[in-house]
Amino acid sequence: MAGKGNDKRGGKITTREQDYPQWYQDIIREGDLAEPAKVVKGCMVIKPHGYAVWEKIQRDLDGRFKATGHKNAYFPLLVPQSFITKEAEHVEGFAPELAVVTHAGGQKLEEPYVVRPTSETIIGHFFAKWIDSHRDLPMLVNQWANVMRWELRTRMFLRTTEFLWQEGHTAHANHAEAKEEVRRMLDTYGEFCEEILAMPVVRGVKTESEKFAGAVQSQCIEALMQDGKALQAGTSHDLGQNFGRAFDVRFQNEGGELEYVWQTSWGVSTRLIGGLIMTHSDDDGLILPPRVAPIHAVIVPIFKNDEQRAAVMEAAVRIKTALQRVDIANDDSPYRDFLAVEVDDRDMRPGAKYYEWERKGVPMRIELGPRDLEKGQVCVKMRLGTAAGEGKEFLPEEEFISGVRTRLRTFQDALLERARARLADQTVTLDDWEQFKSTFKGDKSQFAWCHWDGTAETEAKIKEETKVTIRCIPLPGQGPAAEDGTCIFSGKPSKGRVLMAKAY
RNA sequence: CGGGGUGUGGCGCAGUUUGGUAGCGCGCCUGCUUUGGGAGCAGGAAGCCGAAGGUUCGAAUCCUUUCACCCCGACCA
């Protein structure tokens, strides 16, 4: 029964209604995803179960990057301090949050190194060495790495001092091509979030004040969390020729003239795991979509004596073996996604195991005891009642095995549908400032499409008064159709609605 | 950086006001009984109380210094 596990043994999960941020922390702890490092400020330890989720994210995204022509590379963790200062806006944006290495090998360094907060600068340096001709373009590289930003306030997965991410860096011969790349990768992220994380997103463009330090334009995907706040889940930047100029990345075009390259960069981080948690999980613990679940199914054997134990374990292993041959990847996927199955034969009461695996977000549980063996059936329980199944189901073993791929894929779809329904439900169109203020009163938040006069002043004032920020200016098809109107705050003319919400 | 808080077995805490040589719950180990929604009993291991200095016959407790981490605000994936 849902909700019964709280206030009993095995760790407490605060309800979302009581205290949403505390619930979030509890889910991470009880789901065994991560813990604060404590001994290193603002950092976290990603535990095996959490890291396995990241590995699944990596595997899928990496395939998508390669399918769009990118190759992986790796650049140094340390960046000469002077590199950071070469692009004016970039320094200004990142200077306050840099960690700097001043000593090494027992000596003071001639020039300090900064621990990369992002790698545009050092990659710019190498692009300059590698690119001479239009024939070297486009240069399409991606790096899986850790970066460090000395943030003042941290939250596990959402904002930690050190975090894991992927940063794509590309150089092109003209702006149009670079812009295409920016949008291509944004769409790659959007599709990934929906297909794999079952997390719907809104695609848009950042305002001037929210864009990446050093970019001409930043595009983003924004997801809606259960508490109504927005999570920037990924970004794709048009860097124009800014870094090309700063690092002298020039190529000879077809006409023989020297020209600066047009660059892009794009990234998603372990923050996606935070988004995953706040999109699907409930008061009983983590809920993982099958496509990112490190364990898809747990088989809990039930027996009273050694004889029963032997018979049940034999059946458990048989079922596990059959399930491990099932692949839930898309038909056109570049990789196979075979089911990961665990037989939990620890000496514990079955009930204790059920609660534990529910907290860890395993999508499907199979209970197997003497009664099932007699009837040739299995007892199946999904982590959440959906179209994929509700309550405990008793199915003939063969039928269960042959239907399991559909079952898990239906479960995945149901999670996406549920998230989409919540997004639709918590998105409003507002035209009245008083209504706006009451919508965002106190800690309240949701997605609101509002007219904005396009000025940074208005944007800043809205933020100051309500903590609400402009999440993005929607790309075509991502919000209400463009229409003339008046700014919700200033009453001045507006050409279209923008997405507003409080953000993580 | 401003405000608040906390450092005591693995985890969560009590003990500090009123100094007397460390305790509780959970977890862990061993054994027996259990096992279809969080097991019971019995036995056991584990901490010189964040660090340094001081007061005292005696300090987790009082004084000084210091370090670290957490939470709340301003910056950010």
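Just so it is clear: chains get the letters A, B, ... in the order the sequence lines come, proteins before strands, and each one is counted from 1.
If you check B/rG2 for Watson-Crick or wobble pairing at under 3.5 angstrom, you find it paired to B/rC72. Pairing for B/rA59 is absent, with no Watson-Crick or G-U wobble pair whose two atom distances lie under 3.5 Å. Pairing for B/rC41 is with B/rG31, a Watson-Crick or G-U wobble pair whose two hydrogen-bonding atom distances lie under 3.5 Å. Base-pair partner of B/rA51: B/rU65 (Watson-Crick or G-U wobble, both distances under 3.5 Å). Across the strands present, B/rG10 finds its partner in B/rC26; the criterion is a Watson-Crick or G-U wobble pair with both atom distances under 3.5 angstrom. Of the nucleotides present, none pairs with B/rU21 by Watson-Crick or G-U wobble criteria with both distances under 3.5 Å.
Atom pair A/Asp372:CG and B/rG36:C1' shows a separation of 8 Å (rounding to whole Å applied). Nucleotide B/rG36 holds its P atom 7 Å from the OH atom of A/Tyr354, rounded to whole Å. Per the geometry, CZ belonging to A/Arg349 stands 10 Å off C1' belonging to B/rG36, to the nearest Å. With rounding to whole Å, A/Glu35 atom CD is found 11 Å from B/rG10 atom C1'. Counting to the nearest Å, the P atom of B/rA77 and the NZ atom of A/Lys211 are 13 Å from each other. Going from atom CH2 of A/Trp357 over to atom P of B/rG36 covers 18 Å, rounded to whole Å. Atom CH2 of A/Trp150 and atom P of B/rA77 are 18 Å apart (whole Å). Here B/rA77 presents its C1' atom at 15 Å from CH2 of A/Trp266, a figure rounded to the nearest Å.
No donor-acceptor contact under 3.5 angstrom links the side chains of A/Glu17 and A/Thr15, judged on distance only.
In this structure, A/Gly267 reaches neither bases nor backbone, as no heavy-atom distance under 4.0 Å exists between it and the strands shown. Residue contacts shown for A/Pro36 are absent, as no nucleic acid heavy atom lies under 4.0 Å away. Heavy atoms of A/Phe303 sit under 4.0 angstrom from at least one base atom. Using a 4.0 Å heavy-atom distance criterion, A/Lys392 is classed as a base contact. Counting non-hydrogen atoms under 4.0 angstrom, A/Gly42 reaches the backbone sugars and phosphates but no base. If you check every strand for non-hydrogen atoms under 4.0 Å, A/Arg365 touches a base. Residue A/Thr160 is in base contact, counting any heavy-atom pair closer than 4.0 Å across all strands shown. Using a 4.0 Å heavy-atom distance criterion, A/Leu158 is classed as a base contact.
Taking the C1' atoms as reference points, B/rG27 lies 11 Å from B/rG12, given to the whole Å.
Checked by atom type and distance alone, the side chain of A/Ser209 never pairs as donor or acceptor with a backbone atom of A/Ala456 at under 3.5 Å.
Within 3.5 Å, no donor on the side chain of A/Glu356 pairs with an acceptor on the base of B/rG37, nor the reverse.
The aromatic ring of A/Trp165 does not sit over the base of B/rA77, since the test of centres under 5.5 Å and planes under 30° is not met.
A salt bridge does not link A/Arg116 with A/Glu167: every distance from a Lys NZ or Arg NE/NH1/NH2 to an Asp or Glu carboxylate oxygen is 4.0 Å or more.
Counting only heavy atoms from C-beta on, A/Ile302 has its side chain closest to B/rU35 among B/rA74, B/rA77, B/rU35. Comparing B/rG37, B/rA77, B/rG36 against the side chain of A/Gln232 picks out B/rA77 as the nearest.
Cation-pi geometry between A/Arg365 and A/Tyr354 is met: the NZ or CZ atom falls under 6.0 Å from the ring centre, inside 45° of the normal.
Taking the six-membered ring wherever Trp is involved, the centroid distance between the rings of A/Tyr113 and A/Phe83 does not fall below 6.0 Å.
Residue A/Gln25 places at least one side-chain N or O under 4.0 Å from the OP1 or OP2 atom of B/rC71.
In this structure, A/Met199 and A/Leu276 approach most closely via the heavy-atom pair SD-N, 4.2 Å.
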